[in-house]
Novice: 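This is the structure I want to talk about, given as structure tokens.
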Amino acid sequence: MLLLAWTPKAWPGFCKLRVPALPRTPGGKALPVRRHLWSRQGRPQGPRLWTRLLITALFGAGLGGAWLAMRAEKERDRQQQRTEALRQAAVGQGDFSLLDHRGQPRCKADFRGQWVLLYFGFTHCPDICPDELEKLVQVVRQLEVEPGLPPVQPIFITVDPERDDVAAMARYVQDFHPRLLGLTGSTEQVAQVSRSYRVYYSAGPKDEDQDYIVDHSVAIYLLSPDGLFTDYYGRIQSAKQIAASVRRHMAAFRSILQ
């Protein structure tokens, strides 16, 4: 039936249909027609719909912000608990007395007020020590370029004082970072600082060339500006992960010496 209405016989009547005239002013100008969004019930929905959407969006944003704040607070609490647990382990207690790679006496108090990344190793190490020191200085470089962060002092302490004298340390540290500080000392001085940080080391048997390997524990230590042991990182942590951890410690740090 619908198709019949569109036969040629129906076209003359269809052409006589007129569009309703728009209301006009006394001067003959057409008045603007106000348009609305209409619901199925025939009621305008525009402003009310957008208001509800805006309220919903604001409510969702508020919930999201509250969740992020709670998550950040939980992370700070977890970091603080870890820091307190590590401090109770009594690692790095007491002072030390060593020589740096320039021959200057150094003690723990010299680094008070600075963040320190500390590594124990030896200059004749074939692979692990160079890899870990390279990772350490990568962390330092990543943090150096971030504005607003305090500098981190990298330190390398030998566990092989028999071969790693001041001159040997000076030659070694120059290959890594201009601020890397090499520390050495007598056998007793190195043993004392190693015990303080619970570093295990043991020299192996000498070969026919009098060369030997020193077996030692592998960890990078983080010291706070108070000079306190704050965290440590093993071989499985990447430079990126260590840098992120150091940032968190910096953000949460509150001196206990003031």
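In this text the structure is predicted, and so the values were computed from the model without any measurement.
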Novice: Taking side chain to side chain contact (heavy atoms under 4.5 Å, CB included) as the test, write out the residues that go with Gln237, two or more places apart.
Specialist: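 Applying side chain to side chain contact (heavy atoms under 4.5 Å, CB included) to Gln237 gives Tyr233, Gln241, Ile242.
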Novice: Can you tell me how far apart CD (Glu134) and SG (Cys129) are? Round to the nearest 0.5 Å.
Specialist: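 So the gap between those two atoms works out to 13.5 Å.
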Novice: Grab the two heavy atoms, one from Leu180 and one from His101, that are nearest each other, plus how far apart they are.
Specialist: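 Reported closest heavy-atom pair: O-CE1, 3.4 Å.
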Novice: Quick one: do Lys108 and Asp95 make a salt bridge, cutoff under 4.0 Å?
Specialist: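 Answer for the salt bridge query: no.
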Novice: Is it true that the side chains of Asp215 and Ser202 contain a donor and an acceptor less than 3.5 Å apart?
Specialist: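 Looking only at side-chain atoms, Ser202 and Asp215 do not form any donor-acceptor pair under 3.5 Å.
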Novice: For Thr123 and Ala168, which heavy atoms make the closest approach, and how far apart are they?
Specialist: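 Smallest heavy-atom distance, with atoms named: CG2-O, 4.3 Å.
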Novice: Report yes if some heavy atom in the side chain of Ser217 is under 4.5 Å from a heavy atom in the side chain of Tyr197; otherwise report no.
Specialist: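 No. Closest side-chain heavy atoms not under 4.5 Å.
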Novice: Name all residues meeting the side chain to side chain contact (heavy atoms under 4.5 Å, CB included) criterion together with Ala219; count only those two or more places apart in sequence or in a different chain, and write none if there are none.
Specialist: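 Listed in chain order: Tyr221.
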Novice: Do Phe120 and Val218 come close enough that some side-chain heavy atom pair is under 4.5 Å?
Specialist: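 Result no, sub-4.5 Å side-chain heavy-atom pair not found.
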Novice: Out of curiosity, Lys240 NZ to Gln138 CD, how far, rounded to the nearest 0.5 Å?
Specialist: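 Output value for this atom pair is 12.5 Å.
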Novice: Looking only at heavy atoms, which two atoms of Val139 and Ala239 are closest? And how far apart?
Specialist: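 Smallest interatomic distance, heavy atoms only, reads CG2-O, 3.5 Å.
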Novice: What I'd like to find out is whether the side chain of Leu98 reaches to under 4.5 Å of the side chain of Val193, using heavy atoms alone.
Specialist: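 Yes, at least one pair of side-chain atoms sits under 4.5 Å.
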Novice: Taking only residues two or more places apart in sequence, or in another chain, which ones meet Arg112 in a side chain to side chain contact (heavy atoms under 4.5 Å, CB included)?
Specialist: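 Leu257.
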Novice: Could you measure the distance from the CG atom of Asp100 to the CE atom of Met169? Nearest 0.5 Å is fine.
Specialist: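 That separation rounds to 9.5 Å.
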Novice: Does any part of the side chain of Phe229, heavy atoms only, come nearer than 4.5 Å to the side chain of Ser224, both counted from C-beta?
Specialist: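 Side-chain contact under 4.5 Å: no.
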Novice: Mind checking whether Tyr200 and His216 have ring centres under 6.0 Å apart?
Specialist: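 When the ring centroids of Tyr200 and His216 are compared, they turn out to be at least 6.0 Å apart.
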Novice: Please tell me if the side chains of Gln114 and Pro225 come closer than 4.5 Å, counting only heavy atoms from C-beta onward.
Specialist: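 Not in contact.
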Novice: At their closest point, which heavy atom of Thr230 faces which heavy atom of Leu223, and how far apart are they?
Specialist: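 Looking at all heavy atoms of both residues, the closest pair is OG1-C, 4.1 Å.
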Novice: Restricting to ring pair (Phe, Tyr, Trp, His ring centres under 6.0 Å), what partner residues turn up for Phe111, sequence neighbours left out?
Specialist: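 With neighbours one apart ignored, the set is empty.
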Novice: Do Val166 and Leu181 share a hydrophobic cluster, counting only Ile, Leu, Val, Met, Phe, Trp and Tyr and linking them when any side-chain heavy atoms are less than 4.5 Å apart?
Specialist: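 In one cluster: no.
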Novice: Nearest heavy-atom pair of Ile128 and Cys125: which atoms, and what distance?
Specialist: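 Closest pair (atom of Ile128, atom of Cys125, distance): N-SG, 3.7 Å.
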Novice: Which pair of heavy atoms, one from Ile213 and one from Pro126, lies closest together, and at what distance?
Specialist: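 Here Ile213 and Pro126 meet closest at CD1-CD, 3.9 Å.
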Novice: Which donor-acceptor pairs under 3.5 Å do side chains of residues 146-155 form with protein atoms, sequence neighbours excluded?
Specialist:
unit_1: Glu146; atom_1: OE1; unit_2: Arg247; atom_2: NE; d: 3.1
unit_1: Glu146; atom_1: OE2; unit_2: Arg247; atom_2: NE; d: 2.7
unit_1: Glu146; atom_1: OE2; unit_2: Arg247; atom_2: NH2; d: 2.6
unit_1: Gln153; atom_1: NE2; unit_2: Arg179; atom_2: O; d: 2.7

Novice: Closer than 3.5 angstrom, by distance alone: can the side chain of Asp226 be matched with the main-chain N or O of Leu228 as a donor-acceptor pair?
Specialist: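 No: the side chain of Asp226 does not pair with the backbone of Leu228.
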Novice: With a 3.5 Å cut-off and no angle check, do the side chains of His177 and Glu144 form a donor-acceptor pair?
Specialist: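 Yes, a side-chain donor-acceptor pair sits under 3.5 Å.
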Novice: Is Glu132 close to Ile220 at the side-chain level, that is, under 4.5 Å between some pair of heavy atoms?
Specialist: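 Of all side-chain heavy-atom pairs linking Glu132 with Ile220, at least one is under 4.5 Å.
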Novice: Counting only heavy atoms not in Arg141, do more than 12 fall under 6.0 Å of its CZ?
Specialist: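 Enclosed: over 12 neighbouring heavy atoms sit under 6.0 Å from CZ of Arg141.
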Novice: Compare all side-chain heavy atoms of Leu222 with those of Leu117 and state whether any distance is below 4.5 angstrom.
Specialist: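 A side-chain contact under 4.5 Å exists here.
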Novice: If Ile, Leu, Val, Met, Phe, Trp and Tyr residues are connected whenever their side-chain heavy atoms lie under 4.5 Å apart, and connections chain through other members, are Trp115 and Phe176 in the same group?
Specialist: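 Yes; tracing contacts between hydrophobic side chains, which count when under 4.5 Å, links both residues.
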Novice: Taking distance alone, no hydrogens or angles, what donor-acceptor pairs closer than 3.5 Å link side-chain atoms of residues 156-163 to residues at least two apart or in another chain?
Specialist:
unit_1: Thr158; atom_1: OG1; unit_2: Asp160; atom_2: N; d: 2.9
unit_1: Thr158; atom_1: OG1; unit_2: Asp164; atom_2: OD2; d: 2.5
unit_1: Asp160; atom_1: OD1; unit_2: Tyr212; atom_2: OH; d: 2.7
unit_1: Asp160; atom_1: OD2; unit_2: Arg163; atom_2: NE; d: 2.6
unit_1: Asp160; atom_1: OD2; unit_2: Arg163; atom_2: NH2; d: 2.9
unit_1: Glu162; atom_1: OE2; unit_2: Lys206; atom_2: NZ; d: 3.3
unit_1: Arg163; atom_1: NE; unit_2: Tyr212; atom_2: OH; d: 3.2
unit_1: Arg163; atom_1: NH1; unit_2: Asp211; atom_2: OD1; d: 2.7
unit_1: Arg163; atom_1: NH1; unit_2: Tyr212; atom_2: O; d: 3.3
unit_1: Arg163; atom_1: NH2; unit_2: Tyr212; atom_2: O; d: 2.9

Novice: Does Ser194 use its side chain to pair, donor to acceptor, with the backbone of Val190 at less than 3.5 Å?
Specialist: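 Checking the backbone N and O of Val190 against the side chain of Ser194, a donor-acceptor pair under 3.5 Å is found.
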